[in-house]
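Everything below concerns the one structure shown next.
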Amino acid sequence: MITLDINGKTHELDIADDMPLLYALRNQVGLNGAKYGCGLGQCGACTVLVNDKPVFSCLTPCGALAGKSVRTVESLGSVDQPGPLQKAFIDEQAAQCGYCIAGMIVRAQALLEANPHPDDETIRRHMAPNLCRCGTHVRIFAAIKSVVAQGGKV
Amino acid sequence: MKRKTIIGAVLAIGVAGLGFAFWMMWRPEIATVSQHLNADRETLDRGRRVVEAGDCAVCHTRPGGAYMAGGLPLVTPFGTLFTTNITPDPQSGIGQWSLDAFERAMREGIARDGHFLYPAFPYVHYRKLSDADIADAYAFLMSVDPIKYTAPENHMVFPMNFRPLVSFWNLLFLHGDPLEPLPNRSAQWNRGRYLVEGAGHCSSCHSPLNLIGGEKGSELFNGGVVDGWTAPALHGMTEAQHPWNEAQLVAYLTGEVAEGHGAAAGPMLPVSLSIAQLPAEDAHAIAQYILDLKKTSSDAPSPPCTSGVKPSATALRGAALFEGACASCHGRAAPMRVIESRPALANTSAVRADSPRNLIQTILQGIPMSSAASSHYMPAFAHNLDDTHVAALAEYLRNESCANRPWTDLDKTIKSIRAQEQQP
């Protein structure tokens with residue numbers, strides 16, 4: 001049995017230590033926001049927060065998560081009440097196919113929680129690990145900038 | 001009468017002492033110049049190669065900063081230095097330096113205005129360069145974009161913040177003239193020696209340093225520690241249990257994956273990307289010279305690695321972590337393994353080394369994307385795994401490849417490396 005703290009709720013899961021967190025989130029807990037992209041830590045579609053830091057959940061074994069808090073895109077808002085970054089991504093129409101967006105929002109969330117007023121270069125460098133195959137980076141960047149312009153409160 | 005003699009003697013010694021100190025610690029300014037000749041294309045190409053061979057940009061360009069504008073912090077046991085702006089900006093860079101001033105800096109470690117440069121700038125090696133190479137490097141540096149930027153103030157501890165003291169350091173360590181080729185060796189070997197001992201300044205990292213930061217002459221190329229990474233010994237690479245050949249070392253030196261060994265990471269990665277900019281003959285020359293460095297008697301032979309010991313409970317836990325965090329790239333059947341003959345982790349020098357440093361550093365920091373043709377990128381695991389996980393992984397991997405020589409002090413090494421790193 002493994003105990004995971006996900007979005008503030010405790011889950012007792014009958015899974016092996018070596019199961020990547022992404023599989024547990026999607027298959028056991030039913031949180032499908034984080035996506036399986038490459039499974040190699042090269043695309044960022046699976047990004048979630050572990051103790052407020054962005055990590056690739058496809059490369060994070062559940063056995064390494066005792067006592068840590070996991071947050072996924074679902075914790076940042078809902079369809080009716082999207083969080084500031086989610087709202088900005090919608091307003092800027094930053095999604096094309098949408099596969100990378102959960103990871104993008106979560107990585108941006110980590111940045112703004114630590115630094116509400118990042119400059120452009122800091123945003124670009126921070127977001128670099130996450131890829132968008134459709135090429136909407138310019139709109140993703142604009143969405144993050146618009147939250148920063150409103151005070152960076154997430 | 002007697003008292004007068006004593007006073008006179010004291011005065012004389014005092015004056016002589018002052019004179020000596022002045023002679024030791026004062027260097028004249030060299031006049032500024034305001035114009036530079038426009039060098040021709042061939043000169044600039046040659047100069048660019050000298051500058052790449054010297055890894056100038058590795059230190060003189062900070063992450064995200066302009067080329068050669070300086071500002072990279074160098075953490076030394078004596079405090080933190082910031083590299084200087086060597087673009088031709090007249091005020092904040094070296095735009096007013098004449099070739100004479102540049103050559104004096106390269107050979108003697110004296111800035112144009114006469115102040116002593118700290119030996120983190122490897123003038124003890126650059127002094128071995130030929131006049132022509134120094135002139136070409138000067139021409140090239142004067143041709144890069146001038147950038148107005150002044151690095152932050154150095155934070156050196158007392159008394160090292162008093163630069164003239166460097167003159168005493170120079171007395172001990174600054175010697176040797178431009179290298180003359182050895183007549184009984186091949187042109188390629190001599191070229192390799194010139195690049196390794198001169199511009200490349202390999203021994204700056206690959207030798208242990210003494211208490212005052214000089215390379216220990218008796219232990220040249222015995223390996224050292226730089227930025228928390230092990231710079232391995234360069235002796236006897238052909239005689240190692242897992243020997244290197246020239247093709248493998250050339251691949252390693254030029255930012256590619258060396259078949260059966262792995263690829264450059266940490267502070268060696270930018271160096272390899274610099275060497276990759278040189279003509280291929282230069283990388284071959286460096287490899288030939290390094291592979292000719294024989295084991296010395298002072299190198300304590302480590303017994304060969306053996307595997308097959310029953311894993312401990314910690315190692316078994318490491319094996320589970322490996323499956324979840326590493327196996328998708330490093331597992332036996334991983335598709336990543338078939339690219340460029342990437343070696344099994346058990347064969348990489350990070351896992352076979354006497355110290356676990358480089359394995360721990362690679363797990364925590366990963367390997368950044370690079371400009372190499374096919375980058376050997378690895379994500380950082382500093383936030384995914386905590387210290388006990390990293391230790392378990394290291395114990396597991398070591399047990400797989402070198403069970404007869406387990407690493408001790410894993411926990412302590414991981415803690416000290418974590419403390420040094422400020423993860424963003």
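Each chain gets a letter, A, B and so on, in the order its sequence line appears, and its residues count up from 1.
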Just so I understand: if I count every heavy-atom pair under 4.5 Å between each of B:Pro379, B:Ala334, B:Ala325 and chain A, which residue has the most?
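Looking at each of B:Pro379, B:Ala334, B:Ala325 in turn, B:Ala325 comes out on top.
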
Can you tell me if [X] has over 12 outside heavy atoms packed within less than 6.0 Å of its [atom1]?
X        : atom1 : result
A:Arg139 : CZ    : no
B:Glu259 : CD    : no
A:Gln81  : CD    : no

Looking only at non-hydrogen atoms, find the nearest pair between B:Leu385 and A:Lys68 and report the distance.
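What the structure gives for the nearest pair is C-NZ, 4.2 Å.
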
Looking only at non-hydrogen atoms, find the nearest pair between B:Asn384 and A:Leu59 and report the distance.
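Closest approach of B:Asn384 to A:Leu59, heavy atoms only: ND2-O, 3.8 Å.
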
Those residues of residues 32-49 of chain A, ordered by number, that approach chain B below 4.5 Å (heavy atom to heavy atom):
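Within residues 32-49 of chain A, the residues under 4.5 Å from chain B are A:Gly39, A:Leu40, A:Gly41, A:Gln42.
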
Could you state the interatomic distance from CZ (B:Phe381) to OG1 (A:Thr60), rounded to the nearest 0.5 Å?
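Separation between the atoms: 7.0 Å.
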
I need the A:Asp52 CG to B:His383 NE2 distance, nearest 0.5 Å.
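That separation rounds to 10.5 Å.
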
With side chains defined as the heavy atoms from C-beta onward, is the minimum distance between A:Asp17 and B:Arg317 less than 4.5 Å?
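Contact flag for A:Asp17/B:Arg317 side chains = yes.
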
Residue B:Met336 versus chain A: region with a heavy atom under 4.5 Å
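The answer is the side chain of B:Met336.
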
